Undergrad: 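Below: one structure in C-alpha cells.
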Amino acid sequence: IRKHGLVDAAGVIVSLWVLVAVLLGLRFAGEQIGWGFQFQEPKFVAFMLLVMFVFGLNLSGLFEIGTSLTGAGSDVDDKGYKGSFFSGILAVLVATPCTGPFMGAALSFAVSKPIYAFPICTALAVGLALPYVLLSWYPVLVEKLPRPGPWMETFKQFMAFPLFATAIWLLAIFTKGTGEGSVTWLLAGLLVVGFGLWIYGRYGTLMQKARTQWIARATAIACICLFGWTTVKAIAIERAVSTGDTVEKFGMTWHKYSPEKVVALHNEGKGIFIDFTASW
C-alpha cells in the first residue's frame, strides 16, 4: 500500500513537470505566458465566465456531467503500479485548475523565472500528492474521514454559490474591459446557455431515447455556440462607442493613455502620472 502511495505521488509530480515544461516551451517560443495577462482579453474573460456559470449549474443539479470520469480511475485500479501512476495523473487533470486562485502569484513567478519553475511546481506537486502518501502510510487516518452520505449532495449544491460569485467577479472584469453596454448581450448569452443546459439535463439522460438524447446534446452545444456570438457582439458594440479622451477621477482630469501623448508631454518638460493597474 505504501509503495502504491509513492507511485501515485510520482504520477502527480511527473504530470506537473510535463505541464510546466509545456508552459516554458511556449514562453521560449515567444508566447507571453503568465497568469494575469489573459484577463486583458475580453474573450478569455467571457470564456472563463461561461465555465464558472456552467459548472455552477452542474453543481446545482440542473444537469449532470462527468459521470463517466468518476469511474475513470477504477479502470486502472487493478493494473498494479501502472494503475497508481495513472491515478496520480488523473488527480492532476481534475484538481490543478482549482489551484489557480491560491497559487496564481507563485505560478506567475515560476513561469516568469524559468530557473524557479520546476522547484515551485515540484512543491505544488508534493502538496497535492501528500494526502495520498499520508493515507497510504497511515491507513488508520481513513477512519477519520467523513462517511459518504446525503450530506455530500448538499455540500455539492452549496459549492455552486462560490462559482456563481466568481462568475459575478468575472462579469465585473469584462465590464471594465469593454464597458457597461456589453453586459446585456453577455447576460443574454448566459440565459441561452442556461436554457440549453436545462434541455440537456431534462432530455439528455440515459432514460430517454437515443434520438432524444442526441437532440438534447445538439441543443446544448448550439446554445453554447450562440454564447460565443453574443460575446463577440457585446465586444463589437462597446468598441464602436467613443468614451471620450478625458475622465474625471480623484478630483483631477485624466487623459486617455497614448505613447505619443507621453512623448509630447515629456518633451515639454512636464511631469507625468500614469494610473496603471489591473481589475483582477
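Both backbone and side-chain heavy atoms feed into the values below; hydrogens, waters and symmetry mates do not. The chain is numbered in sequence order, starting from 1. Quantities reported herein were computed from a predicted structural model and do not represent experimental measurements.
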Undergrad: Anything under 30° is parallel, anything over 60° is perpendicular, the rest tilted; go ahead and classify Phe164 against Phe161.
TA: perpendicular

Undergrad: Take atom CE in Met252; do more than 12 heavy atoms of anything else shown fall under 6.0 Å from it?
TA: yes

Undergrad: Run the side-chain contact (heavy atoms from CB on, under 4.5 Å) test against Thr154 and tell me which residues pass, sequence neighbours left out.
TA: none

Undergrad: Is it true that a side-chain atom of Thr219 and a backbone atom of Ile215 form a donor plus acceptor pair closer than 3.5 Å?
TA: yes

Undergrad: Going by side chain to side chain donor-acceptor pair (under 3.5 Å), name the residues that satisfy it together with Thr253, two or more places apart in sequence or in a different chain.
TA: Glu248

Undergrad: Could you state the interatomic distance from NZ (Lys3) to OG (Ser84), rounded to the nearest 0.5 Å?
TA: 12.0 Å

Undergrad: Tabulate below the donor-acceptor pairs under 3.5 Å that side-chain atoms of residues 121-140 make, not counting sequence neighbours, or state none.
TA:
{"from": "Thr122", "atom 1": "OG1", "to": "Trp17", "atom 2": "NE1", "distance (Å)": "2.7"}
{"from": "Thr122", "atom 1": "OG1", "to": "Phe118", "atom 2": "O", "distance (Å)": "2.6"}
{"from": "Ser136", "atom 1": "OG", "to": "Tyr132", "atom 2": "O", "distance (Å)": "3.3"}
{"from": "Ser136", "atom 1": "OG", "to": "Val133", "atom 2": "O", "distance (Å)": "2.7"}

Undergrad: Donor-acceptor pairs under 3.5 Å, side chain of residues 261-272 to any protein atom, not counting sequence neighbours: which ones?
TA:
{"from": "Asn267", "atom 1": "ND2", "to": "Val263", "atom 2": "O", "distance (Å)": "3.2"}
{"from": "Glu268", "atom 1": "OE1", "to": "Lys270", "atom 2": "NZ", "distance (Å)": "3.3"}

Undergrad: Using side-chain contact (heavy atoms from CB on, under 4.5 Å) as the criterion, list what pairs up with Glu153, not counting sequence neighbours.
TA: Lys156, Gln157

Undergrad: Identify, with sequence neighbours excluded, every residue that meets side-chain contact (heavy atoms from CB on, under 4.5 Å) alongside Phe85.
TA: Val7, Ala10, Val14, Ile89

Undergrad: What's the spacing between Asn58 CG and Phe53 CZ if we round to 0.5 Å?
TA: 12.0 Å

Undergrad: Do Met159 and Phe155 have side chains that get closer than 4.5 Å, going by heavy atoms?
TA: yes

Undergrad: To the nearest 0.5 Å, how far apart are CE in Met48 and CZ in Phe174?
TA: 14.5 Å

Undergrad: Shared ILVMFWY cluster between Leu187 and Ile235, side chains joined below 4.5 angstrom?
TA: yes

Undergrad: Look at the side-chain heavy atoms of Ile, Leu, Val, Met, Phe, Trp and Tyr, link any pair under 4.5 Å apart, and say whether Phe158 and Phe63 land in one connected group.
TA: yes

Undergrad: Measure from the side-chain N and O atoms of Gln213 to the backbone N and O of Tyr203, and report whether any donor-acceptor pair falls under 3.5 Å.
TA: no

Undergrad: Do Phe195 and Leu190 belong together in a cluster built from hydrophobic side chains that touch within less than 4.5 Å?
TA: yes

Undergrad: Restricting to side chain to side chain donor-acceptor pair (under 3.5 Å), what partner residues turn up for Arg202, sequence neighbours left out?
TA: none

Undergrad: Who are the side-chain contact (heavy atoms from CB on, under 4.5 Å) partners of Ile168, not counting sequence neighbours?
TA: none

Undergrad: Please report the C-alpha distance between Leu50 and Val193 in whole Å, then the side-chain angles of each, then the deciding distance to 0.1 Å, and finally whether the side chain to side chain contact (heavy atoms under 4.5 Å, CB included) criterion is met.
TA: CA-CA 9 Å; Leu50 174 65; Val193 169; 3.8 Å; yes

Undergrad: In this structure, would Ile221 and Leu191 fall into the same cluster of hydrophobic residues linked by side-chain contacts under 4.5 Å?
TA: no

Undergrad: For residues 208-236, which residue pairs qualify under ring pair (Phe, Tyr, Trp, His ring centres under 6.0 Å), counting only residues two or more places apart or in two chains?
TA: Trp185-Trp229

Undergrad: Considering non-hydrogen atoms only, spot the tightest contact between Ala220 and Gly196 and give its length.
TA: CB-O, 3.7 Å

Undergrad: Starting at OG1 of Thr231, measure out to CG of Leu49 and round the result to the nearest 0.5 Å.
TA: 8.0 Å

Undergrad: If you take all heavy atoms of Val12 and Gly88, which pair is closest and at what distance?
TA: CG2-O, 3.5 Å

Undergrad: Do the non-hydrogen side-chain atoms of Thr166 and Phe55 ever get within less than 4.5 Å of each other?
TA: no

Undergrad: To the nearest 0.5 angstrom, please state how far the OH atom of Tyr81 sits from the CG atom of Leu6.
TA: 9.5 Å

